[in-house]
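Note on naming: letters A, B, ... go to the chains in the order of the sequence lines (proteins, then strands), and numbering restarts at 1 for each one.
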There are 2 protein chains.
Amino acid sequence: MTYLSADERRRVIVDAAVRVIATEGLAGATTRRIADQAGVPLGTLHYCFRNKDELNLLILGRGHATMLSAFEGLDREAGFEATVREVVATYWRWIRDHHGLHLSLMELLMWAIRNKEAVLPGRDVWAEVNAPFGGDLIASALAAAAERDGLRTAVPVPELARFLIHRMDGLVLELAETSDEASCERQTLLLADALVLLALPRQGSG
Amino acid sequence: MTYLSADERRRVIVDAAVRVIATEGLAGATTRRIADQAGVPLGTLHYCFRNKDELNLLILGRGHATMLSAFEGLDREAGFEATVREVVATYWRWIRDHHGLHLSLMELLMWAIRNKEAVLPGRDVWAEVNAPFGGDLIASALAAAAERDGLRTAVPVPELARFLIHRMDGLVLELAETSDEASCERQTLLLADALVLLALPRQGSG
DNA sequence: GCAAATGTTGGTCTCGTGACCAAGTCATGT
DNA sequence: ACATGACTTGGTCACGAGACCAACATTTGC
């Protein structure tokens with residue numbers, strides 16, 4: 001095994017861990033299996049990480065970062081409706097192509113929620129792990145698009161972003177349960193429609 | 001310990017298991033803890049259930065049944081919009097008041113998905129566990145309400161029902177992550193609005 | 001080119017925990 | 001009193017986490 005800096009080695013192990021957890025689930029992602037997948041002895045793993053909690057958090061971070069990268073190709077010139085549809089479609093494609101991983105990230109998220117205090121005493125797991133992703137990227141993309149259109153949305157953009165993100169969370173379960181890609185894809189179209197309708201100023205109310 | 005029929009004993013244990021899983025999570029719901037909570041020795045638990053998988057499935061079923069009962073008071077005379085809002089509000093109240101349980105049910109669901117073949121070889125976990133709940137109850141309530149209004153929805157009612165159910169799934173995570181009830185409640189209002197907008201026949205398209 | 005720091009190996013040990021089972025005991029109806 | 005079903009006890013077996021270690025390899029600074 002080649003010589004790597006501890007940082008590089010950590011990267012390699014976390015990558016392997018992401019692979020393991022995507023296929024085996026959180027419960028099946030034992031330190032031994034991860035070490036095995038990374039091609040390093042167990043001792044190395046304990047040399048690189050204080051404990052499994054630390055590793056888990058890094059997996060969560062890496063997973064979200066991977067997801068983030070799916071949104072890099074977003075068209076930053078498009079109008080509001082086009083942007084909504086593009087974000088939803090991109091998100092959907094990512095889930096479809098990585099649903100094992102996304103499911104596991106949800107398991108990890110639940111784990112983090114349940115072990116908040118033990119894992120990150122006093123800190124806000126959610127804000128730390130997710131805000132850079134959902135909170136910023138999607139909300140700001142939508143806000144910028146709305147601004148380009150001179151659109152003052154009927155519902156605040158951050159609320160629309162959360163609506164989008166968490167409907168997609170539901171979709172992960174839906175896909176895992178039914179394995180019906182066509183139906184799930186139809187749901188994403190529905191979601192895009194809904195977001196557009198919610199955003200447009202309405203006749204009836206303010 | 002009093003003598004009970006095996007069926008009664010099973011009921012008691014499943015009840016205890018639901019309590020344990022709601023507070024400790026799936027990983028923390030060990031046979032020992034469950035037996036402890038039920039006030040029976042560990043052996044009794046293995047006397048009553050073939051194995052833990054069987055118990056898990058029963059917990060899942062009980063959890064969903066509990067949830068089902070929240071919808072018993074639905075107004076079966078109301079129109080479409082009122083029914084949508086009532087279903088969403090009822091669902092939301094249940095989640096808010098039982099979010100530990102709902103979170104655990106999602107963990108169990110993931111477990112069932114990952115162990116499909118081992119647990120229910122050949123059978124469809126999802127259809128068996130969830131269809132009686134979401135698929136039937138909510139979809140049929142909405143369909144009946146639409147019919148009362150003479151409303152031919154722009155989107156098929158079953159799709160609206162799935163949209164509703166899985167947006168609520170996302171909400172469970174959202175609530176667990178943020179603990180921000182007010183924000184989550186606003187999201188439910190948004191969801192109801194979206195469903196109504198999606199259902200109404202639109203000007204632009206067919 | 002040498003020494004010190006850093007990373008690697010592979011193995012072992014303990015500790016806790018989890019699922020599960022076999023053989024026994026007890027209650028209850030007949 | 002005795003058969004049967006209901007429960008108890010005490011254990012087995014497997015496995016994961018985490019810690020430790022002693023020798024070995026590779027860099028890096030000097």
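By the salt bridge (charged side-chain N to carboxylate O under 4.0 Å, His left out) test, B:E81 is found to be paired with B:R85, residues two or more places apart in sequence or in another chain being considered. Partners of A:E159 by salt bridge (charged side-chain N to carboxylate O under 4.0 Å, His left out), not counting sequence neighbours, listed by chain and number: B:R186. In this structure, the side chain to side chain contact (heavy atoms under 4.5 Å, CB included) partners of B:T66, at least two apart in sequence or on a different chain, are B:R62, B:W94.
Taking atom CG of residue B:N51 and atom P of nucleotide D:dA14, one finds them 18 Å apart after rounding to whole Å. One can place CZ of A:R10 at 13 Å from P of C:dT6, the figure rounded to the nearest angstrom. Straight-line distance from the NE2 atom of A:H46 to the P atom of C:dC13: 17 Å, rounded to whole Å. Whole-Å rounding puts the B:W111 CH2 to C:dA19 P distance at 12 Å. A straight line from CG of B:L45 to P of D:dT9 spans 15 Å, rounded to a whole angstrom. One atom, CD1 of A:I13, and another, C1' of C:dG7, lie 12 Å apart when rounded to the nearest Å. If you measure from atom CZ of B:F49 to atom C1' of C:dC21, you get 17 Å, rounded to the nearest angstrom. Computed from coordinates, the A:R11 CZ to C:dG7 C1' distance equals 17 Å when rounded to whole Å.
Residue pairs that meet the salt bridge (charged side-chain N to carboxylate O under 4.0 Å, His left out) test with at least one member in residues 19-48 of chain A, sequence neighbours left out, do not exist here.
With no hydrogens or angles considered, no side-chain donor-acceptor pair links A:R93 and A:T188 at under 3.5 Å.
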Polar pairs (N or O, both sides) under 3.5 Å between protein and nucleotides 25-30 of chain C?
from   : atom 1 : to   : atom 2 : distance (Å)
C:dC26 : O2     : B:Y3 : OH     : 2.9

Between protein and nucleic acid, restricted to nucleotides 16-18 of chain C and to nitrogen or oxygen atoms under 3.5 Å apart, what atom pairs and distances do you find?
from   : atom 1 : to    : atom 2 : distance (Å)
C:dG18 : N7     : B:R32 : NH2    : 2.6

**OP:** Apply salt bridge (Lys or Arg N to Asp or Glu O under 4.0 Å) to B:E174 and B:R167, showing your working.
**Re:** CA-CA 10 Å; B:E174 199 173 346; B:R167 177 63 189 87; 3.0 Å; yes
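Classified by interplanar angle (parallel below 30°, tilted 30° to 60°, perpendicular above 60°), the ring pair B:Y91/B:F71 is perpendicular.
Considering only side-chain N and O atoms, A:R9 lies nowhere under 4.0 angstrom from the phosphate OP1 or OP2 of C:dG7. A sub-4.0 Å separation between OP1 or OP2 of D:dC7 and a side-chain N or O of B:T44 is absent.
Contacts of B:L42 with the nucleic acid, taken as non-hydrogen atoms under 4.0 Å apart, include base atoms.
Salt bridge annotation for B:R11-B:D7: absent, with no cationic side-chain nitrogen under 4.0 angstrom from a carboxylate oxygen.
Mapping B:A6 and B:G43 onto DNA chain D by nearest heavy atom places B:A6 at the nucleotide closer to the 5' end.
Checking C:dT6, C:dC20, D:dA6 against the side-chain heavy atoms of A:Y47 singles out C:dT6 as nearest.
When each of A:L190, A:L200, A:L160, A:T153 is checked for a side-chain contact (heavy atoms from CB on, under 4.5 Å) with A:L195, only A:L160 meets the rule.
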